[in-house]
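These figures come from a predicted structure and were not determined experimentally.
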Amino acid sequence: MKLLLKAGRIINPVNNTDEIGDILIMDGKIAEIGPELSCEGAAVYQASGLVIAPGLIDMHVHLREPGLEAKEDIASGTRAAAAGGFTTIACMPNTKPVVDNSILVSGILQRAEDEGVVRVKVIGALSKGQEGKELAEVGDMVYAGAVAISDDGHYVDNAELLLNGLEYLARFDSPIISHAEDEALAGDGFMHEGAVSAMLGIKGRPAVAEDIAVARDILLAEYTGGSVHIAHVSSKGAVELIRQAKKRGVRVTAEVTPHHLALTDDVVATFDTATKVNPPLRSADHLEALLAGLKDGTIDAIACDHAPHAFEEKDREYRFAPSGFAGLETSLGVILTKLYHTGKFTLNEIIERMTAAPARILKLNSGKLEVGVPADLTIIDPDYEWIVDSKRFYTRGKHTPFDGMKLKGKAVATIVNGNLIMQNGEVHE
Ligand code: DOR
């Protein structure tokens with residue numbers, strides 16, 4: 001199968017290039033990149049006016065399999081990824097049972113081969129059953145293919161467990177991904193603690209709960225020499241702590257979500273449960289600090305924390321609804337609308353944070369465009385205007401705070417291993 005992408009704006013953040021050209025794909029790999037390519041028998045994709053980027057990578061996705069298939073499964077979640085322009089996603093272990101051993105890691109990888117349409121990487125749990133007590137078989141899971149270890153969805157309250165995990169995983173050069181929110185401080189709050197929570201009379205989750213957890217994680221990484229990745233950073237204090245730690249040479253990386261970059265806690269006043277998420281949407285001063293952190297490299301990557309729930313679970317009173325919502329099908333559109341079309345970030349910067357950065361953190365051989373690498377690419381129309389309609393989502397999680405919002409910018413084609421698996425929003429088998 002040969003595919004020739006013609007006259008696209010090729011953006012390759014790894015070597016900071018941005019130029020018009022062609023890409024020839026043969027046998028699942030990038031065969032040639034250059035001007036005016038031709039190839040007998042190749043299918044041609046006209047990409048003039050479009051951006052050709054390395055395939056987008058989302059390192060924080062809940063696929064809910066095994067056990068929680070009413071929310072999502074590998075088939076629906078990977079189709080949502082393809083629709084959103086993602087060629088690789090990493091899935092979190094807070095499933096039923098929890099992914100805390102190598103058999104489950106292998107099982108998900110096999111299911112993804114059978115049922116998935118994009119590449120799936122697995123993140124194994126840090127503690128058995130994610131109970132925060134006993135270290136899971138983390139080394140075994142890394143050998144079975146886990147790209148990182150995390151108790152995501154839960155705060156690791158037990159500092160000794162985290163210390164042991166960091167020390168042990170340093171030998172495998174594998175990061176621990178931390179859901180950093182001190183449970184005692186944040187536990188029974190439903191939104192960001194601030195003026196809006198006071199006005200609404202909803203118990204808040206204070207930003208200091210995140211700051212304290214991030215400070216502890218950084219200190220333990222520094223002490224052990226291990227590597228910690230802070231998931232969904234949302235507080236300005238956390239940004240500053242990570243900035244200072246990076247200056248000292250601590251092995252800390254971080255990600256931020258599109259929703260924390262685009263929305264403030266004002267939207268909770270609607271009592272729409274699609275705005276309920278952990279960590280919570282915060283006030284504008286935090287949002288500004290996140291943008292600054294993403295710009296100066298304190299925050300490395302953008303990841304959407306795709307956290308679908310069944311419709312009926314979310315369709316209830318605010319405090320009883322589960323936290324989280326779907327993100328894969330809106331992530332790129334939200335980022336382009338809020339970061340690119342406002343002039344705050346260049347396309348090159350955005351694509352770097354959605355490709356090369358997560359590839360670097362998870363040590364994946366992707367996120368770049370060069371001859372010989374597997375042909376995972378995303379074709380983007382940065383000016384395409386559309387309105388989010390969750391009824392048309394591939395994900396089972398139909399709740400999103402972006403429903404009905406007008407966005408500018410969208411993936412128009414997703415290519416995995418040389419196969420065009422999504423075109424104009426339609427995912428092909
Ligand atoms: O809102 C959230 N939902 N935050 C998380 O960290 C976990 C996620 C989930 O699994 O539903």
Side-chain angles (χ1 to χ4, degrees), residues 60 62 64 68 70-72 80 94 152-155 179-210 231-236 256-290 304-331 333-335 337-338 386-393 395-407:
H60 193 143
H62 297 271
R64 307 298 196 199
L68 301 168
K71 299 174 191 278
E72 192 80 295
N94 58 338
D152 183 63
H154 306 273
Y155 173 60
H179 179 128
E181 265 193 298
D182 183 280
E183 200 61 30
L185 288 173
D188 53 354
F190 306 121
M191 66 175 294
H192 172 62
E193 181 187 280
V196 183
S197 69
M199 185 187 77
L200 297 176
I202 294 184
K203 176 126 173 47
R205 300 169 83 85
V208 72
E210 181 171 333
H232 40 51
V233 173
S234 72
S235 76
K236 59 182 173 187
V256 61
T257 71
H259 47 272
H260 289 113
L261 290 169
L263 301 171
T264 60
D265 56 350
D266 295 326
V267 296
V268 180
T270 59
F271 287 104
D272 179 354
T273 60
T275 64
K276 187 175 175 189
V277 66
N278 287 337
L281 301 171
R282 301 202 189 273
S283 46
D285 48 335
H286 293 282
L287 189 153
E288 290 305 322
L290 295 172
C304 78
D305 190 6
H306 178 77
H309 294 285
F311 190 85
E312 57 279 11
E313 292 174 300
K314 276 296 241 186
D315 189 27
R316 57 204 295 204
E317 205 180 314
Y318 203 84
R319 66 194 169 120
F320 296 123
S323 298
F325 43 76
L328 286 167
E329 287 164 89
T330 49
S331 178
V334 169
I335 291 297
T337 305
K338 301 286 182 182
W386 58 292
I387 291 173
V388 177
D389 177 1
S390 63
K391 289 195 289 303
R392 302 190 59 195
F393 282 176
T395 174
R396 296 211 175 116
K398 304 298 182 200
H399 282 84
T400 164
F402 300 109
D403 217 4
M405 196 178 275
K406 191 170 168 193
L407 299 179

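Under the side chain to side chain contact (heavy atoms under 4.5 Å, CB included) criterion, K203 pairs with D188, sequence neighbours left out. Qualifying salt bridge (Lys or Arg N to Asp or Glu O under 4.0 Å) partners for E329, counting only residues two or more places apart in sequence or in other chains: none. When the side chain to side chain contact (heavy atoms under 4.5 Å, CB included) test is applied to A186, the partners found at least two apart in sequence or on another chain are E181, R205, A209.
Residues T395 and P308 approach most closely at OG1-CB, 3.7 Å, considering heavy atoms. The two atoms that bring L200 and A269 nearest to each other are CD1-CA, 3.8 Å, heavy atoms only. When every heavy atom of F402 is checked against every heavy atom of A262, the shortest pair comes out as CE2-CB, 4.1 Å.
Remark: side-chain polar atoms of K398 are paired, donor with acceptor, to backbone N or O of F393 under 3.5 angstrom. Put simply, the side chain of S390 never gets that close to the backbone of D403: no donor and acceptor are under 3.5 Å apart. Judged by distance alone, with hydrogens and angles left aside, the side-chain atoms of S331 form no donor-acceptor pair with the main-chain N or O of L328 at under 3.5 Å. Although no hydrogens or angles enter the test, the distance criterion places a donor-acceptor pair under 3.5 Å between the side chain of E210 and the main chain of S235. Under a 3.5 Å cut-off, the side chain of K276 and the backbone N or O of Y318 do form a donor-acceptor pair. Remark: side-chain polar atoms of K314 are not paired, donor with acceptor, to backbone N or O of F325 under 3.5 angstrom. Panel note: side chain H260, backbone P279; a donor-acceptor pair is recorded below 3.5 Å.
Judged by distance alone, the side chains of N94 and H154 never bring a donor and an acceptor atom under 3.5 Å apart. Under 3.5 Å, the side chains of H309 and K71 contain a donor-acceptor pair of N or O atoms.
Here OG1 of T273 is found 14.5 Å from CZ of R319. Values are rounded to the nearest 0.5 Å. The line from CD1 of I387 to CG of L407 is 9.0 Å long, rounded to the nearest 0.5 Å. One distance of note links CZ of R396 with CZ of F311; it measures 15.5 Å at 0.5 Å rounding. A distance of 6.5 Å separates NE2 of H399 from CG of D272, quoted to the nearest 0.5 Å.
Between V267 and P401, the closest side-chain pair of non-hydrogen atoms is not below 4.5 Å. Within the 4.5 Å cutoff, side-chain heavy atoms of H179 are placed close to those of H232. Looking only at side-chain heavy atoms (C-beta outward), R282 and D265 stay at 4.5 Å or farther from each other. Looking at heavy atoms from C-beta onward, D305 lies in side-chain contact with H62 at the 4.5 angstrom threshold. S283 has its side chain out of reach of T264: every pair of non-hydrogen atoms, C-beta onward, lies at least 4.5 Å apart. Side-chain contact between T275 and L263 is absent, with no heavy atoms from C-beta onward closer than 4.5 Å. By the 4.5 Å heavy-atom criterion applied to side chains, D266 and V196 are counted as neighbours.
For the side chain to side chain contact (heavy atoms under 4.5 Å, CB included) criterion with L281, the lone passing option out of M191, H259, H192, H286 is H259.
Remark: K338 NZ is loosely packed, at most 12 non-hydrogen atoms of other residues, nucleotides or ligands lying under 6.0 Å away.
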